[in-house]
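Quick note on labels: first sequence line is chain A, next is B, and so on, each numbered from 1. Small disclaimer: the values here were computed from a predicted structure and weren't measured.
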Amino acid sequence: MGFQEPKLDTSPNVSDEVRRTTCYMCACRCGINVHLKSGRVSYIEGNRRHPVNRGVLCAKGASGIMQVTAPSRLRAPLKRVGPRGSGAFEEISWEEAFEIAVGWLKPLRDDAPERLAFFTGRDQSQSFTSFWAQGFGTPNYAAHGGFCSVNMAAGGIYTMGGAFWEFGQPDWDRAKLFVLFGVAEDHDSNPIKIGIGKLKARGARVIGVNPIRTGYNGVADDWYGITPGTDGLLILSLVHEILKAGKIDLDYLARFTNAPCLVDGTEGPGKGLLLRDGDGKLLVIDRATGKPAPFDQQGVRPDLGAVHDGHRTVFQHLAERYLADDYAPEAVAERTGIPAARIKGLAAEIAHAAFDAPVVLDRAWTDFRGDRHEKMVGRPVAFHAMRGISAHSNGFQTARALHLLQILIGSVETPGGFRFKPPYPKPIEAHPTPHCDCVPGKPLGGPHLGFVRGPEHLALKPDGSPARIDKGFSWENPMSAHGLMHMVIPNAHAGDPYKIDTLLLYMANMSWNSSMNTRSVMEMLTERDEAGEYKIPRIIYSDAYASEMVAYADLVLPDTTYLERHDCISLLDRPICEAEAAADAIRWPVIEPDREVRGFQSVLVELANRLKLPGFVDEEGRAKYRDYADYMVNHERRPGVGPLMGWRGNGDQTGRGPVNPDQLQRYIDNGGFHVAHVPEEAQFYKPWNAAYQDWAVSLGFYDKPQPYLFTLWSEPLQRFRLAAEGHGMRQPPEHLRQRLKETMDPLPMWYEPFGESAGDAYPVHALTQRPMAMYHSWGSQNAWLRQIHGHNPLYVPTKIWESCGFSEGDWARVTSPSGEITVPVAHMAALNENTIWTWNAIGKRKGAWALDPEAPEATKGFLLNHLIHELLPEKGDGLRWSNSDPITGQAAWFDLRVRVEKADPPGEAQPAFPNLVSPVPQARRNRP
Amino acid sequence: MTALPPPSAKKLGLVIDLDTCVGCHACVTACKGWNDQGYGVPLSDQNAYGSEPSGTFLNRVHSYEVQPEQGPAQIINFPRSCLHCENAPCVTVCPTGASYKRAEDGIVLVNEDACIGCGLCAWACPYGARELDQAAGVMKKCTLCVDRIYNENLPEEDRQPACVRTCPAGARHFGDLGDPESAVSKLVAERGGYDLMPEMETKPVNKYLPPRPKGKAEEIDVLAPLLDVKATGFAGWLDRILEKL
Amino acid sequence: MHPAPSVIVFTVLSGAGFGLLAFLGLGAVAVTGWAALLLWGLGYALAGIGLLASAFHLGNPQRALRAFTQWRTSWLSREAWAAVVSLALLAPVALAAVFGAEPPAALGVLGALSCLVTIAATSMIYTQLKTIPRWNFWTTPALFMGFALAAGAMLSGRAVLAALLCLALGLLLVAAFRLGDGRFAAVGASLGSATGLGSVGSVRQFAPAHTGSNYLLREMIHDVGRKHAARLRMIAVVAAGLLPAVILLVLPASVATVALAALVHLAGAFAARWLFFAEAEHVVGLYYGRR
Ligand SMILES: Nc1nc2c(c(=O)[nH]1)N[C@H]1C(S)=C(S)[C@@H](COP(=O)(O)OP(=O)(O)OC[C@H]3O[C@@H](n4cnc5c(=O)[nH]c(N)nc54)[C@H](O)[C@@H]3O)O[C@H]1N2
Ligand SMILES: Nc1nc2c(c(=O)[nH]1)N[C@H]1C(S)=C(S)[C@@H](COP(=O)(O)OP(=O)(O)OC[C@H]3O[C@@H](n4cnc5c(=O)[nH]c(N)nc54)[C@H](O)[C@@H]3O)O[C@H]1N2
Ligand code: SF4
Ligand code: SF4
Ligand code: SF4
Ligand code: SF4
Ligand code: SF4
Ligand SMILES: [Mo]
């Protein structure tokens, strides 16, 4: 019997139609081609022309189809019918939902707008949601940045006018050495992978500094398994070494940073501030004349070594500080867990790559002083960092230390180093300051969030108490540029600083993986006062899925999935730009929802119209926008500047221009995004490059050129320190003076993370990492992804594995000062010997996400969050000290200290919680 | 017949770079997504939202820990799919002829219409490259995206496997390993690409590129102190460094 | 490997059936009428039930006929042919016996040979698999043949021969267990060679490719507890080999004795076959950090 190869159709039709939009299984926002067969999504692939992902997709993006068909999708607005937290709901109509919401919100707006707190989680429309909150008039608005990575953002912006991730990127095409601090995945998920791939293909060297050697750190050519919370020390020791050897870029420092600026040395309220001329311009000493001159005068050659009337330059202050023995590798080796010889080796690698093999581009450019440079000379050492340094209580200063190192070797905005993405760089001066002027019935005077320059910008009431429910911009965390999402529920529950009425939450799973101290948060959400009313009286929540948080809402506004709505990824908040291009993007409904769900932004527009919020209605109270799509096109922040930069006016204007009714179609035709390339001569030295500055103005990033100097010495920090020393009108409370003096150092410094106060009883560091194939809580409803990560073991290093006598299949009891969990363990050798870790947010509450109550996510999966408290352990002073960075309020997730013991395997991971009643029907067993 | 065809000149396959694979599983779900709607029956999932989810995948990514004699342990991610063996035992064991190796390019495929789902080919494969779909009862395996790589409905640049197209790190390469001049063959030669389990004598077409040696860089001595800061004091250091400007 | 009941029933019963048919074909017992119907019927039934059981292991049994196509390369295909040919060749012999006609002797011998070929082909399905070193060894065809012959001899009432075959089978089992334990190592496959990372250092699984289950884990990767295995091995050797031999040699020859011995033997055969699968370590287990 013969056999012939069967006839094979090697050219099947892939689909009936392709619609191009933007992915949203994470904040990376890749371009996707959505294939449709008979009107249903059949396949999703990356869009090759998209600036973010250039065709590739990650595991989450490539399984988006499972997200859009997930059984956990909410189906209609929900009204709570059982006790809060039980999960018992009744489906209601949208009209009823709007009536309930307006019934709650209208009186608040009229009488006490601050009694509404509006906080958003994975929000990609912050310029819109904050605009709404401004219109409402509450000071209580923020997105999730405060518990996420504000240290990184603020550390970068206060130091160099931009930070890693969405503000900038390594020069993947030219770097010869890439050093990665504390990153497992980051938001720039695909670009980092593409970048690492490029480095590897070129044979460039990659170094990972991380207690855990997985993922990027796994492919790194060398690994520094640092002790958590000590990166600042390591970095400043590297600074010590390169200073000692003179391997720094003096010319760069003199021209582009405040290193040559003069620090006021006179005792008094001006001490430690920088000298300025009559126009308020920073002064430097010109080497040619030896005389003071404004920093931006043409031809000035600032002198790093000057002393003027006893005032020394920033450069001298910093060199003196870091040359001290405290920062010698030998002095920091034990604390950091990195031997002195290794630290010296790393410093040598950095110096070698930066100075022995510079990248020189034959591109002339003109700086802001009018001086012309024939070449662009780069220091091809790129750094990147994220929450490994950010999520510690010393993260802000650590981020500053890292930027100091980058700047000292001249690798910021030079070829081969770190490059900003438009609309960054942006000096502090170009950012707003926070607003908290709350008047019933009136909008807020300006944006809620911003960058304080000193105590005068704090969000305080006249009596000095915090004006915001999260205590953002208070003396407890003065520079909390993103607010403190993690403190909202505890503060609202405690009525500290005041009580609120309604908590409006969007896209944040606050009763589970996104909270510290999860069990107590659930209690806070359900606790009643003497009168029997919930301590947080009303909770409105928008989610697209049956998450754990849904169970704690009184009113649920069901959102669509990402393929069913309009979204705007705007230059007004967090665009998708690249170093060589400004870019923004949209999502649009590539399929219609088959349920009674609505895009949350459109719901907000409708609420604004019914509440007649300023900005949303005209003088007669008539709605200006029908829905979010209408807003995206027709809203103007400043004349000619709207949410979308592309195809303005007649379609031929970019950045600035009149409204174009055809704009969305143009985006759709182009694959959902718009790109504006940075001219070649403007691609580096952006903060000082006249061509870049002009281009930025033309696109509407700002209205006039804003060149500035990098802030090695930070005056805002010094102003808070001066206040703590007793200068100025606004004075901190006594109990905070000492801490402010210590931490508000104008030069980057390191102090012990607050978590260390747990003491010797908790000798082990405990961390989480993002799994590349899961996005927080919401990947587990994805039938494909949950087969990859259905539960999470606790990884234990060899030393602890052996001393506890663990073997495969064992369980451990892990105890922190605030809690205890009992969970499965696994062994890992490629791990800092004092650190344990697990994947973040795999553990699920029983009954949530339309999963079977016996799902492994609920029985074996677990959250480390039960061990992390939003407050530090009691100090006996009767005060509540938040587990946050004292400067920015960043949640210190990674300060956690624990102890580990072997435990008898319980039936399931502990703590276990009662089953939630699912607001959606249980899933079908099999697929398809 | 299920006898193997004479070795083809063209040997299409994948080259997987273990030095670059970050273990992101993108290739896993991209493969599932493409093949769920493409060649043959969908890749089903059982108990998909339940207590023991299980499903058919054609490509999986493992993580191993390697402890070298010197230096700290390393984590290496390891994608695993059909290697399109030249000497494919999965083909010759098949009683129905459903499993076959294409004469023109060496791709090993299953003709699902003829497959009785006996599982023997999966038993014969050393690499776990075949999974019997529980819903359809037919054998599934990597098709090397035969319905993409020749697909005239796709733009030229997209005529490559879904997993290769999606791999963010660029750790997967597709090409003709029978042509010594092809990019993939050169890569294999340059980087010492190797076969998995050669003792099984399957002669895989796919090759793996080993991780590059890890550890500290060659001794670089660029950090000789400018001068002894202790001896000269800070002022001396400052003078010396500013001379360099 | 997963000890699937369908495959165990298939190999044990069809082995016994074709063993019995082989003996009957060779004219081991001269029976006619009802007795012939019973004996031949038993042979056909065992073989038939076995073959039928094997279909339960198929994902698409309705296409089972296709399994006849690849006899040139596939042992499974050859087995299918051999089985059908055996049953066909022996059918006239059986009918003749039942109806008291003269059985065509040549056909009987041919049929018996074909039965042996069937058994060999069945065993080769397993023996050919390099991926399972324990099977990929001379002990596999020897065992399959041993089981078939012992059962055939027993069921056809050749007590002494059956007893001797059982004893030999016992020895063979011991040898197969012993030698089998060293096979995996002898082949040399390791996680190091499976990943090629052995040259970097010693390799262990860090995280599985998926926390969920899959076909491979269910089908190829089966852990039997050591204690469990030791006990079952003992049972297999005793029940399949020693005990039936003793029964046949010690108890008076009768149908009851044969039946008792056969039942004990079959129980042993099931135990041995369960172990045959359960203990068979597929090299793919290496990728999952298991053997
Ligand atoms: N232990 C530990 N805990 C941590 C961290 C850590 O590192 N370790 N990291 C912290 C950090 S940085 C962050 S950012 C937080 C993340 O915390 P969250 O922002 O809370 O992230 P998710 O868990 O993804 O929750 C987002 C919610 O949005 C819902 N959602 C998804 N898509 C949509 C949609 O289209 N519309 C609407 N309306 N809702 C949708 C999801 O169902 C989910 O309920 O976790 C924090 N928690
Ligand atoms: N796939 C996926 N992508 C995501 C997310 C997701 O859930 N899934 N979440 C998104 C969100 S909200 C965020 S905030 C980002 C966060 O992205 P990442 O910044 O990558 O955050 P984590 O995964 O928390 O990883 C923190 C890393 O820091 C290391 N680390 C912890 N402490 C220290 C330390 O003291 N020093 C050093 N050097 N390293 C340390 C940890 O080992 C870990 O590798 O990811 C975003 N991208
Ligand atoms: S990184 Fe992945 S999940 Fe995030 S937007 Fe891109 S493809 Fe989507
Ligand atoms: S997509 Fe690429 S980097 Fe990611 S796991 Fe697959 S091969 Fe590795
Ligand atoms: S890898 Fe396995 S399935 Fe693929 S050709 Fe080789 S033996 Fe066959
Ligand atoms: S499962 Fe299908 S392809 Fe595999 S050997 Fe059996 S019939 Fe052939
Ligand atoms: S080549 Fe195609 S079928 Fe094979 S693993 Fe890659 S995506 Fe899957
Ligand atoms: Mo985050």
Going from CG on L286(C) to CG on L196(B), what distance comes out if it is rounded to the nearest 0.5 angstrom?
11.5 Å
Minimum heavy-atom distance between E201(B) and K130(C), given as atom pair plus value
OE1-NZ, 3.0 Å
Side chain, backbone, both or neither of E219(C) within contact of chain B (heavy atoms, under 4.5 Å)
side chain
Indicate yes or no for a side-chain donor-acceptor contact from T131(C) to the backbone of W123(B) under 3.5 Å, with no hydrogens or angles considered.
yes
Answer whether the closest heavy-atom distance between the side chains of P211(B) and L197(C) falls below 4.5 Å.
yes
Which portion of P210(B) sits near chain C, non-hydrogen atoms under 4.5 angstrom:
neither
Closest non-hydrogen atom pair, V66(B) against G201(C)
CG1-N, 3.5 Å
For chain C, which of A129(B), P213(B), C125(B) has the most heavy-atom pairs under 4.5 Å?
C125(B)
Rounded to the nearest 0.5 Å, how far apart are CG of D113(B) and CZ of R63(C)?
6.0 Å
Of all of G196(C), S202(C), S77(C), A67(C), which one pairs up most often with chain B through heavy atoms under 4.5 Å apart?
S202(C)
Check whether L129(C) gets within reach of chain B through its side chain, its backbone, both or neither, counting any heavy atom under 4.5 Å.
side chain
So for R130(B), is it side chain, backbone, both, or neither that comes closer than 4.5 Å to the heavy atoms of chain C?
backbone
Side chain, backbone, both or neither: which part of R218(C) has an atom under 4.5 Å from a heavy atom of chain B?
side chain
Which region of L132(B), side chain (C-beta onward) or backbone (N, CA, C, O), has a non-hydrogen atom less than 4.5 Å from a non-hydrogen atom of chain C, or is it both or neither?
both
Using non-hydrogen atoms and a 4.5 Å limit, figure out which bit of F78(B) sits close to chain C: side chain, backbone, both or neither.
side chain
Engaged part of L217(C) at the chain B interface, taking heavy atoms whose separation is under 4.5 Å:
neither
If you draw a 6.0 Å radius around CD in E69(B), do more than 12 non-hydrogen atoms from other residues or ligands fall strictly inside?
no
Checking side-chain polar atoms at under 3.5 Å, does E199(B) have a donor or acceptor matched by the opposite partner on S193(C)?
yes
Of all heavy-atom pairs between M197(B) and A189(C), which one has the smallest distance, and what is that distance?
SD-CB, 4.0 Å
Inspect the surroundings of CD in E52(B) and state if more than 12 heavy atoms from other residues, nucleotides or ligands are less than 6.0 Å away.
no
Contact part of V138(B) toward chain C, heavy-atom cut-off under 4.5 Å: side chain, backbone, both or neither?
both
Residue part contacting chain C, namely of Q74(B), when any heavy atom lies under 4.5 Å:
side chain
Measure the CG-OG1 distance between L18(B) and T195(C) for me, rounded to the nearest 0.5 Å.
8.0 Å
Give, as side chain, backbone, both or neither, the part of Q128(C) having an atom under 4.5 angstrom from any heavy atom of chain B.
side chain
To check you understand the geometry: which heavy-atom pair defines the closest contact between Y215(C) and Q134(B), and what is its length?
CD1-NE2, 3.7 Å
For H282(C), is it the side chain, the backbone, both or neither that has a heavy atom under 4.5 Å from a heavy atom of chain B?
side chain
What do you reckon, are the aromatic ring centroids of Y288(C) and H62(B) less than 6.0 Å apart?
yes
If I take atom CG from residue L120(B) and atom CD1 from residue I125(C), how far apart are they, to the nearest 0.5 angstrom?
6.5 Å
With chain B, the option among G212(C), S190(C), A194(C) that has the most non-hydrogen atom pairs under 4.5 Å is A194(C)
Between L76(C) and P95(B) the two heavy atoms that sit nearest each other are CB-CB, 3.8 Å
Against chain B, label L216(C) side chain, backbone, both or neither, depending on which of its atoms sit under 4.5 Å from a heavy atom there.
side chain
Backbone of V93(B) reached by a side-chain donor or acceptor of S74(C) within 3.5 Å
yes
Can you tell me how far CG of N214(C) sits from CG of D45(B), rounded to the nearest 0.5 angstrom?
11.5 Å
For a quick test of reading the model, state the closest non-hydrogen atom pair linking V187(C) to M200(B) and the distance between them.
CG1-CE, 3.7 Å
Proximity breakdown for T211(C) and chain B, heavy-atom pairs closer than 4.5 Å:
neither
So, is the end of the R204(C) side chain (NZ or CZ) under 6.0 Å from the ring centre of Y64(B) and within 45° of the ring's axis?
no
For A207(C), is it the side chain, the backbone, both or neither that has a heavy atom under 4.5 Å from a heavy atom of chain B?
both
CG on L65(C) to OG1 on T96(B), rounded to 0.5 Å:
12.0 Å
